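Beneath this line is the structure, given in structure tokens, with notes to follow.
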Amino acid sequence: MSAASATIENVYIVLGAADRGEVVATTVRDDDLTGDASKRTGSPRPSHTEVVEQSELAAFVAAHEGGGSACPVSDRAPRWVWDSTARWYPQLLSAGVRVERCVDLALSRTIVRASELTAATEYARAPDDPAWHALRAEATLTAQESGAAGHSSPTAQTLFDFEPDGQPLEPLATRDPVAEFFAQQAAIAAATEPNRIRLLLAAESAGALVAAELRFAGLPWRAEMHDRLLTELLGPRAPQGARPATMERLATSIRDALGAPTLNPDSQAELLKTLRRAGLQVTSTRAWELRELEHPVIAPLLEYKKLARLLSANGWTWMEQWIVGGRLHADYVPGGVVTGRWATNGGGAMQLPKQIRGAVVADPGWKLVVADAAQLEPRVLAGLAADHAMATAGRDRDLYDGIVSSGAVDTRPHAKVAMLGAMYGSTTGDSARLAPRLAKAYPRAIALVEQAARAGERGEVVTSRLGRSSPRPGAAWRLSQTRATEPGATPADERAARSRARDWGRFTRNFVVQASAAEWALCWMAELRRRLASISVGAAEAGAVPPPFAYSPHLAFFLHDEVIVHAPAAVAEQVAEEVRAAAASAGRLLFGDFPVEFPLSVAVVDSYADAK
DNA sequence: CACAAGCGCCAC
DNA sequence: AAACGTGGCGCTTGTG
């Protein structure tokens, strides 16, 4: 595993808020951090401190990013250290300033305090600090909360959280970024494998930069194309509260087929009752259950449900709320999921249905480079377990085809359900039936997920490749386990305890794979972002995105194992190559020389709908 | 009237 | 193929 070269000195500039809207910039050098870091108590010894007017901040940052003359101690741009990228970076982007590297203290804090690799440190054992906790809560506001307050509309950037009179919204003095930075560095230096967690934190912070840049640039979205798709599927737009024509016709068919002239098909309770009255043996109104039945109502009902979902989730109302200036500016929340996957705040950018992806179209003269990692999670599992047989199955081909070729199972669909079942903890059906064959062919990989499951069942913590650890089960879980072992425990107590233990085991089983896959994706994006920054194009290619991305290919979308780069057509093929190279690089960062491949499917297209 | 729970479906 | 991992989010319905 590679580590940062020790010969190039790192320079950090910690940004913090001062009174009256000024910014305190504290320079910290490697020398300040080395020495006996494990004994350091967190008291800072800054090399240099200066106060910058808020209005001068962008220019200050830009000057240091320029490197060379402005930064006498290093050729590289400094690492900007701030409490939260989401609080500092949007205003810099708006001013046309891109930064190369940062340390996101809030994201790092969450990882370091939970990681098994730093569990023995004072930093991890210290009680929670409400000032930092509040920052995390702020980043994961639900869409309802922020939407109701009117803060989540894509145009309203949370620039600096200052009231109009220039006073900070909350007393930031309690959240001292310099002290926090030193405390984190001390804990990292004392970690059992410092380079593992260093890589994770670097990737996480790079991800935070990417998230802000994704929101800033946005995903190119043609509202008129979206409107055309909706009209074709649903009928012309109807007034608020009314159904578009196609949906209304389907509603009438449903009512006729069930002899229920007043039925509201949007009411799950009413619908269930009516279906049962019509003699249909259903326990719910789920589409997969309805699909099993033969009755005239089924076809129109399934069609109605599909369209109702589209209308409510991504209909005209959604379009008007979220598409601004021909872009979807999704509000990503890096680390918003326990496993390290990202979440989003409003807009549903991580659930864009395939039906409307035709509205995602590159600007004139530009292309979309759409790339997704093929069978990412099983490949990550092969790397985690150092399972050569599974790595071989995925070499130069579809991994599920490779499993079939090895003779373990007979068809690709079987290989897929068996693999997913192994990673999710399925106990029924085909995947459970095929599990023993998979375990025989790939004993190391299967043993790894089984061990993670057993650890979870015992209430233990599991840890990803780079050091993200799972949360511990809550008080209710522990109580159910102790109750089952106490004298007088009933069979029901024991059943409940076993069931909850297995539930948590499925979580930890999946955690090791999903969290490590999220780390691969972060490394992939960080490396891609670095490579994209070095591709220059002429002014002739200028696009609709304001600086700093007007002339350069930039990330426009991310979804777990998939990215979209919006690129000038002239460099689109070059970008496609960089995307592949970045994937190979991510594989090496996580698994060194272990020969597991991470192939991508890459498409250079005008429309997202044409990518697959 | 506001809010939460339950349901169901979208994405990976 | 089955209902097994992580989420977001809109609808209806029940409740304070």
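To find a chain, count down the sequence lines: A is the first, B the second, and so on, and within it residues start at 1. Predicted model only: the values in this text are computed from it and were never measured.
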Measure the distance from [atom1] on [X] to [atom2] on [N] and round it to the nearest whole Å.
X      : N      : atom1 : atom2 : answer
A:F507 : C:dT6  : CZ    : P     : 6 Å
A:E562 : B:dA11 : CD    : C1'   : 10 Å
A:E289 : B:dC9  : CD    : C1'   : 15 Å
A:N345 : C:dG8  : CG    : P     : 8 Å
A:K354 : B:dC9  : NZ    : P     : 16 Å
A:Q351 : B:dC10 : CD    : P     : 11 Å
A:W322 : C:dC9  : CH2   : P     : 7 Å

Residue [X], side-chain heavy atoms: nucleotide from [options] that is nearest:
X      : options               : answer
A:R286 : B:dG8, C:dG7, C:dA1   : B:dG8
A:Q268 : C:dC11, C:dT6, B:dG8  : B:dG8
A:T344 : C:dG8, B:dG8, C:dT12  : C:dG8
A:R357 : C:dT12, B:dC12, B:dG8 : B:dC12

Looking for any heavy atom pair under 4.0 Å, which part of the strands does [X] touch: base, sugar-phosphate only, or nothing?
X      : value
A:V417 : base
A:L352 : sugar-phosphate
A:W342 : nothing
A:K416 : nothing
A:G425 : base
A:A287 : sugar-phosphate
A:V338 : sugar-phosphate
A:R309 : base

Full working for side chain to side chain donor-acceptor pair (under 3.5 Å) between A:S406 and A:Y442: CA-CA 10 Å; A:S406 77; A:Y442 309 104; 3.1 Å; yes
Contact under 4.0 Å: A:T428 side-chain N or O vs C:dA3 OP1/OP2: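 Yes, because at least one side-chain N or O of A:T428 sits under 4.0 Å from OP1 or OP2 of C:dA3.
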B:dG8 phosphate, OP1 or OP2, under 4.0 Å from A:T285 side-chain N/O: yes
Donor-acceptor under 3.5 Å (A:W520 side chain, A:L589 main chain):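 No, the answer is negative, given that no donor and acceptor are paired below the 3.5 Å cut-off.
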Expected output: side-chain A:D104 to main-chain A:T85 donor-acceptor under 3.5 Å: yes
A:L230 side chain reached by A:R237 side chain, heavy atoms, under 4.5 Å: no
A:E270 vs A:W318, nearer the 5' end of DNA chain C by closest nucleotide: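 On the 5' side of the pair lies A:W318.
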